[in-house]
Amino acid sequence: MKIIKGIPASSGKSAGMIFRIKNSSESGQTGNCPSSLSIDLEIKQFNDACSFVKNRLLQHVDESRIFAAHLEILEDITDRVISKIERDKVDAISAVREICNETCALFAEMEDEYLRSRSDDITDVCRQLIFELIAHNENPYATMPAHSILIADNLLVSDTVLIDKSKLAGIALRKGSKTSHVAILARDHAVPLVLGIGEAIDDIPDDAMVVIDGDKGEISIVSYESIIPSVPEQATIEKKADKAPAITKDGVEVKVYANAGSLADVEKAISLGADGIGVLRTEFIFMQATDFPDEAMQYATYIACAKACRGKILTIRTLDTGGDKPLPYAPVKKEENPVFGLRGIRFSLASPDIFKVQLRAILRASVLGNVRVMFPMITSLAEYRTASMLLEECKSELKNEGVAFDSSLRAGVMVETPASVIIADDFARHASFFSIGVNDLTQYMLVVDRNNPYAENACDSFHSAVLKSISEATASAARYGIDSSVCGEMASDLRATETLLKLGVRNLSVSPRQIPFLKEQIRKCVFYIDNNYKR
Ligand code: PEP
Ligand code: MG
């Protein structure tokens, strides 16, 4: 039996046939540099999208002159998009987007007002093409059989949207990292995950039967007969709900919230005994869509989440796209260093129209429950102020429209950058609460990529600089009498619980599955360093 070693990233042991994805969308559905073979495929997909859009426009051409104009634009840009794919070796979606930006920029400089306004039509035609390209992009996971162990170089969160998780017995990755969003999702769904396998992943034959051990970080290539009797299909332990408060041995209640990415997560967390939702990662909701979800769609989701919380806190984090969570339809140019780029609040402030749609939906949902809004990746007070100003603008709009909302909706910041720790007092004077995001805080504090398996040991949330940051942000919040909690994977790690409590942390936000385990762990811990309690 051959054993291949990697990094353990999500517990559990299971067996299955391997299902290998050769060209996973490592850089998202866009921005890839396809090989010469797939360039032909990109051009074919673009031509198919063009034919589809053209036929649809032709059907409407008698209704309005605008459709004829759109046909002209389509004709004008077709060759340019194809040359861009060939010359720059980019995928079709990126090529359409770049040609759209270039053309709109040209028109924007024109003196003639009519010509200047043509840029809306160009954007419209390009949007139709992108829509078609996204909708008809083949789902490479569609043929994955049940009980598969998925093998890939790396996965993005957008890949996980395409995967039928009921068929997934495990994941093995050449790259990846424990605090990547894919690893977080694997743990949330109790899918065993081994990552950072490196070149050895090529030694696994395509038709192999393997056992994946997410606790040891091992992949064993075995014979069918040897595994069937011995390995349970999904050996990950689920624990029963625990609705009692989590009180330390010295009598301090610690609130246990959940990190959620969907309505299903919220429902699961509340049924397992969560005190509320510490972070609703709304980007996962955006990833289910083919374009930015409109206000009605977002409102429907947020209000359903608020209902599911039954009066408990629901913290809705505004869109944290970028980094390893790109949105295939977002108009963002390919960035050299996306983790340092247009991520989180930076994207929202650069796209106020998109941001305001989300803020309005959150405000409308706030009427029902104990809703809070939270801004991700904040690094300056100016960012917080601008975000709050846009929130106020949305409140005035809703008020004028006679739409109900909670006028005292609390707004908080994610403390997940070194800057936000250093000026935590300034934020604490203005914001209603903090959520300390230890995943990103570790990445940015220690200058290690949270997605790089080779930096796995360096990406250490127990580093004294990270612990000191957690302690300082928690102390700032306490000084100004605002709430603070710790989210990120460290909060789910039971080895970290007592350390976090000793740093003064009284609110933790974790993966829904981990809630009963964490409550049990808290009850074994002591909160105060120096105490004379007797039990
Ligand atoms: C974090 O950074 O710790 C966090 C909770 O946010 P995310 O993992 O979604 O970046
Ligand atoms: Mg973060």
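Just so you know, residue 1 is the first one in the sequence shown, and it goes up from there. Just follow the structure's listing: the first ligand is 1, and inside any ligand the first atom is 1.
Of the protein's heavy atoms, Asp440 OD2, 2.9 Å lies nearest to atom 10 (O) of ligand 1. For atom 7 (P) of ligand 1, the closest heavy atom belonging to the protein is His181 NE2, 3.2 Å.
Arg281 and Asp265 are not joined by a salt bridge, as no carboxylate oxygen comes within less than 4.0 angstrom of a charged side-chain nitrogen. A salt bridge is absent between Asp275 and Lys312: the closest approach of a Lys/Arg side-chain nitrogen to an acidic carboxylate oxygen does not fall below 4.0 angstrom. Classification of Lys268 and Asp188 as a salt-bridged pair fails, no side-chain N sitting under 4.0 Å from a carboxylate O. Look at Glu383 and Arg385 and you find no salt bridge, because none of the NZ, NE, NH1 or NH2 atoms lies under 4.0 Å from a carboxylate O. No salt bridge links Asp153 with Lys175; every basic N to acidic carboxylate O contact stays at or beyond 4.0 Å. Taking 4.0 Å as the cut-off between side-chain N and carboxylate O, Asp353 and Lys356 do not count as a salt-bridged pair.
Not a single heavy atom of Gln443 lies less than 4.0 angstrom from ligand 1. Ligand 1 lies within reach of Lys325, whose nearest heavy atom is under 4.0 Å from it. Within the 4.0 Å heavy-atom shell around ligand 1 one does not find Val279.
Note that Arg360 lies outside the cation-pi zone of Tyr299, set by a 6.0 Å cut-off to the ring centre and a 45° limit from the axis. For the pair Arg364 and Tyr302, the cation does not sit on the ring face, since its NZ or CZ is not both under 6.0 Å from the ring centre and inside 45° of the axis.
Using bins of under 30°, 30° to 60° and over 60° for the plane-to-plane angle, the ring pair Phe292/Phe286 lands in the perpendicular bin.
Between Glu283 and ligand 1, no N or O atom pair is found at a separation short of 3.5 Å. At under 3.5 Å, not a single nitrogen or oxygen of Leu441, backbone or side chain, sits near a nitrogen or oxygen of ligand 1.
Residue contacts with ligand 1, taken as heavy atom pairs separated by less than 4.0 Å, do not involve Glu489 at all. Residue Val438 touches ligand 1 through its backbone alone, judged by heavy-atom distances below 4.0 Å. With a 4.0 Å cut-off on non-hydrogen atoms, Arg317 touches ligand 1 through its side chain and not its backbone.
With ligand atoms numbered from 1 in the order given, ligand 1 contributes 5 (C) to contacts under 4.0 Å with heavy atoms of Cys487. Remark: ligand 1 atoms within the under-4.0 Å shell around heavy atoms of Gly488 are 3 (O), 5 (C). Close approach of ligand 1 to Arg343 is summarised as follows: ligand atoms under 4.0 Å from at least one heavy atom of the residue are 10 (O). Near Arg281, the atoms of ligand 1 lying under 4.0 angstrom from a non-hydrogen atom of the residue are 4 (C), 5 (C), 6 (O), 7 (P), 8 (O), 9 (O).
More than 12 heavy atoms of other residues, nucleotides or ligands shown are found within 6.0 angstrom of NZ on Lys165. More than 12 heavy atoms of other residues, nucleotides or ligands lie within 6.0 Å of NZ in Lys5, so this atom counts as buried by the packing criterion.
Neighbouring protein atoms of the Mg ion (ligand 2) (N, O or S, distance under 2.8 Å, waters ignored): Glu416 OE1, Asp440 OD2.
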Throw together a table of side-chain donor-acceptor distances under 3.5 angstrom for residues 515-524, partners on residues two or more places apart or in other chains.
{"unit_1": "Lys519", "atom_1": "NZ", "unit_2": "Asp242", "atom_2": "O", "d": "2.9"}
{"unit_1": "Lys519", "atom_1": "NZ", "unit_2": "Ala244", "atom_2": "O", "d": "2.9"}
{"unit_1": "Lys519", "atom_1": "NZ", "unit_2": "Gly273", "atom_2": "O", "d": "2.8"}
{"unit_1": "Glu520", "atom_1": "OE1", "unit_2": "Lys239", "atom_2": "NZ", "d": "2.8"}
{"unit_1": "Gln521", "atom_1": "NE2", "unit_2": "Leu494", "atom_2": "O", "d": "3.3"}
{"unit_1": "Arg523", "atom_1": "NE", "unit_2": "Pro245", "atom_2": "O", "d": "3.4"}
{"unit_1": "Arg523", "atom_1": "NH1", "unit_2": "Asp242", "atom_2": "OD2", "d": "2.8"}
{"unit_1": "Arg523", "atom_1": "NH2", "unit_2": "Asp242", "atom_2": "OD1", "d": "3.1"}
{"unit_1": "Arg523", "atom_1": "NH2", "unit_2": "Asp242", "atom_2": "OD2", "d": "3.2"}
{"unit_1": "Arg523", "atom_1": "NH2", "unit_2": "Ala244", "atom_2": "O", "d": "3.2"}
{"unit_1": "Arg523", "atom_1": "NH2", "unit_2": "Pro245", "atom_2": "O", "d": "3.1"}

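A donor-acceptor distance shorter than 3.5 angstrom exists from the side chain of Asp250 to the backbone of Tyr528, with no hydrogens or angles considered.
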